[in-house]
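Structure record follows, encoded as structure tokens.
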Amino acid sequence: MPRKKITNKQIIDIFREIALHLRAEDVAFKPRAYEVAAEGIAGLSDELTDLYKECGTKCIDDIPGVGKDLSAKIEELLTTGKLDYYDQLKKKYPFDMLDISRIQDVGPKTVFKLYRVLKVKTVADVERAAKQNKIAAIPGMGKKSQDKILRGIEYLKGDAGRRIIHDVLPFARGLVDKLKEIPSTIHIDIAGSLRRRKETIGDIDLIATTSKPKELVRVFKALREVDQVLEEGPNKLMVRYVNGLQGDLLVLHPDEYGATLVHFTGSREHNILLRERAKRKHMKLSEHGLFKGKARITSRTEEQVYKHLGLQFIPPEIRVGADEVEVADKKKIPTLIPYDSLKGDLQVQTDWSDGTGSIEEMVHAAREHGLSYMAVTDHTKGLTIAHGLDEKRLRQQGREIDRLNKKLRGFTVLKSTECDVLKDGRLDLSDSTLKTLDIVSISVHSNTSMSKVDMTERIIRALKHPLVNILFHPTGRVVARRDAYELNMSRVIRACREYHVALEVNGSARLDLHEAHIRQSIEEGVNLVINSDAHDPSHFQNLEYGIAQARRGWATAADILNTKPLKGFLAALKK
DNA sequence: GCCGTTTTCGGCCCGACTGTTTTCAGTCG
């Protein structure tokens, strides 16, 4: 009986839970080792089980933060599906540490204390105990702590948690705009994971400098968007916004703005790497500045901070605490694709299938986003739910595009398709129809629960088709809603190189590809495109999120085909 | 438990804020 294969995510969770247990017991240094290893695994583009099959423990040893001991533990998990060390821990403390510590302000120490005194094993147990006033009675806790825990549980149960960046960035920009209007404001910026453009955002962090801190804080607290002040110190404010998210506002002195911005942009792991480096160079880095002994080293800008640490500037999007500091030390950080560099969009749906806008309306919106070409990619007949086009209607659409192009000046509409990849890897349209198009793009929408081997074969068979140019949203995931289907992405990426098919970085809520796959594709020499997947004229703003995603995957403008003008783009796409 | 521009042994990031405390532990980022 084959056992269900253990996933990277499961291994990451086990390591994180072990780290929490070790922290609860005040074990020194080990917890960080487990956390760093978990981060290392999180940055992988392949499933460990596939890596292990391919090259054994050699590939596992290469993971940053994984040494001899943890490598053996990973191997044990991969081969037996279990980890003895972890099972022993769980026997001693039979509760879900990871789950309970998701409650705000409840860390490993508190979880242990609650378990020891009250034998609580779940978040629901904790809530019951709090409501019965049992937590306030524990020595070292009190009524306020108990209320805080209850608030934390409410937050957890509500529509809190992490949100997709698409829902958060516009809201945060609105806040920034309002605070900018105060004349005494010098700087006001988005920091934290939002500035790093992570796929999902847990809180909105803002940092500011001002000649009148009290005024800024007063105005901020009175904003319509601010629901409740949770914490307030001399220069740090923590609030709950009306959209349910939390956030910090930090008000600091302008002389250290660079160091402050670095600190509050994170990530936590990136900061640790920077501070360790500062220490090795007999300096000290914190949000208050960079110091050599007692002497303050100028850090007005982030560039200055990195320079003083002997590093090339590292863009926020790749500050994840992986290898970026090492690469910056060698001055090998590439120039990431600029936010305004796209010339075209290769995935646009119209009212011919499941979009809301006519072709002309979509063209108008695309132009407003600074584009000079756009491919119309309505779904094909296999996707009946989206009113997919059959051969006849697609040819009819082509004639309309011809008419439109004659009218347009300085903009080109390309005839294209989002052709469904059928279950067996064949395409949903005939070759003779595909030949009438400027670009053939394909994607998977059905039968998504097939086995990994079958799905990989299915997609590779489609990639082999001589007319195919682009594979849309290659893994099928939708952020925070739908997992990727089972797929060996390394094989797909290699097939794209072999058959000269470009991979899409989709800027919609899919944000598909994952950044690790983007980076891997670039290393393998596979072409990429960034698309909005617009189904409405307003959706071209997705391009910004697609670019952010590409930047997180270390993409330069040269790696992204649709940074080229139309002619160069078509030439590069051609087989 | 990891790792090396001080190294294969001896280090391992920094500070703010809260709550329950008379000096600090816990959590967060």
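In what follows, every chain begins at residue 1, and chains take the letters A, B, ... in the order their sequences are listed.
Across A:Ser101 and A:Met97, no two heavy atoms sit closer than the pair OG-O, 2.8 Å.
Across all strands shown, A:Gly266 has no heavy atoms under 4.0 Å from either base or sugar-phosphate atoms. Using a 4.0 Å heavy-atom distance criterion, A:Phe264 is classed as making no nucleic acid contact. Among the atoms of the strands shown, none is found under 4.0 Å from any heavy atom of A:Leu273.
Rounded to a whole angstrom, the distance from the P atom of B:dC28 to that of B:dT23 is 26 Å. When the C1' atom is compared between B:dT27 and B:dC13, the two are found 16 Å apart, to the nearest whole Å. B:dT20 and B:dG15: their P atoms are spaced 26 Å apart (whole Å). When the C1' atom is compared between B:dG1 and B:dT5, the two are found 23 Å apart, to the nearest whole Å. For the C1' atoms, the distance from B:dC12 to B:dA16 is 22 Å, rounded to whole Å. B:dT8 and B:dC14 are spaced 28 Å apart, taking the C1' atom of each and rounding to whole Å. Nucleotides B:dG11 and B:dT6 place their P atoms 15 Å apart, quoted to the nearest Å.
Taking only side-chain nitrogens and oxygens, A:Ser286 never comes nearer than 4.0 Å to OP1 or OP2 of B:dC13. Checking the phosphate oxygens (OP1, OP2) of B:dG29, no side-chain nitrogen or oxygen of A:Ser267 falls inside 4.0 Å. The side chain of A:Lys73 contributes an N or O atom lying less than 4.0 Å from OP1 or OP2 of B:dG1. Distances shorter than 4.0 Å separate some side-chain N or O of A:His288 from OP1 or OP2 on B:dA16. Between B:dG26 and A:Lys109, a contact under 4.0 Å exists linking OP1 or OP2 to a side-chain N or O. Look at A:Asn235 and you'll find a side-chain N or O under 4.0 angstrom from OP1 or OP2 of B:dC17. Residue A:Lys284 has a polar side-chain atom (N or O) positioned under 4.0 Å from OP1 or OP2 of B:dG15. When the side-chain nitrogen and oxygen atoms of A:Arg280 are compared with OP1 and OP2 of B:dC13, none of them lie within a distance under 4.0 Å.
Of the candidate nucleotides B:dG29, B:dA16, B:dC13, B:dC13 has the atom lying nearest to any side-chain atom of A:Arg275. Taking every side-chain heavy atom of A:Asp203 into account, B:dG29 is the closest of B:dG19, B:dG1, B:dG29. For A:Phe29, whose side chain is taken as the heavy atoms from C-beta onward, the closest listed nucleotide among B:dG1, B:dT18, B:dC17 is B:dG1. Comparing B:dG1, B:dT27, B:dC17 by their closest approach to the side chain of A:Lys236 singles out B:dC17. With B:dT18, B:dC2, B:dT20 as the choices, the nucleotide that has an atom nearest any side-chain atom of A:Lys144 turns out to be B:dT20. Which of B:dG1, B:dT27, B:dG19 sits closest to the side chain of A:Ser145 comes down to B:dG19.
Rounded to an integer number of Å, the gap from A:Leu250 CG to B:dG15 P is 14 Å.
Along DNA chain B, the nucleotide closest to A:Met238 and the one closest to A:Ser71 are compared, and the more 5′ of them pairs with A:Ser71. Between A:Pro139 and A:Lys279, the residue anchored closer to the 5' end of DNA chain B is A:Lys279, taking for each the nucleotide with the nearest heavy atom.
Residue pairs that meet the disulfide bond (SG atoms under 2.5 Å apart) test with at least one member in residues 63-123 of chain A, sequence neighbours left out, do not exist here.
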Stepwise side chain to side chain contact (heavy atoms under 4.5 Å, CB included) test for A:Arg218 and A:Glu215: CA-CA 5 Å; A:Arg218 199 188 61 238; A:Glu215 186 186 25; 3.9 Å; yes
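Atom NZ of A:Lys121 sits in a sparse spot, with 12 or fewer heavy atoms from other residues, nucleotides or ligands closer than 6.0 Å.
Side chains of A:Phe112 and A:His21 form a contact here, defined as non-hydrogen atoms less than 4.5 Å apart.
Between A:Lys73 and A:Asp69, at least one side-chain N (NZ, or NE/NH1/NH2) sits under 4.0 Å from a carboxylate O, which counts as a salt bridge.
Nucleotide B:dT8 forms no Watson-Crick or G-U wobble pair with any nucleotide shown, as no partner meets the under 3.5 Å limit on both distances.
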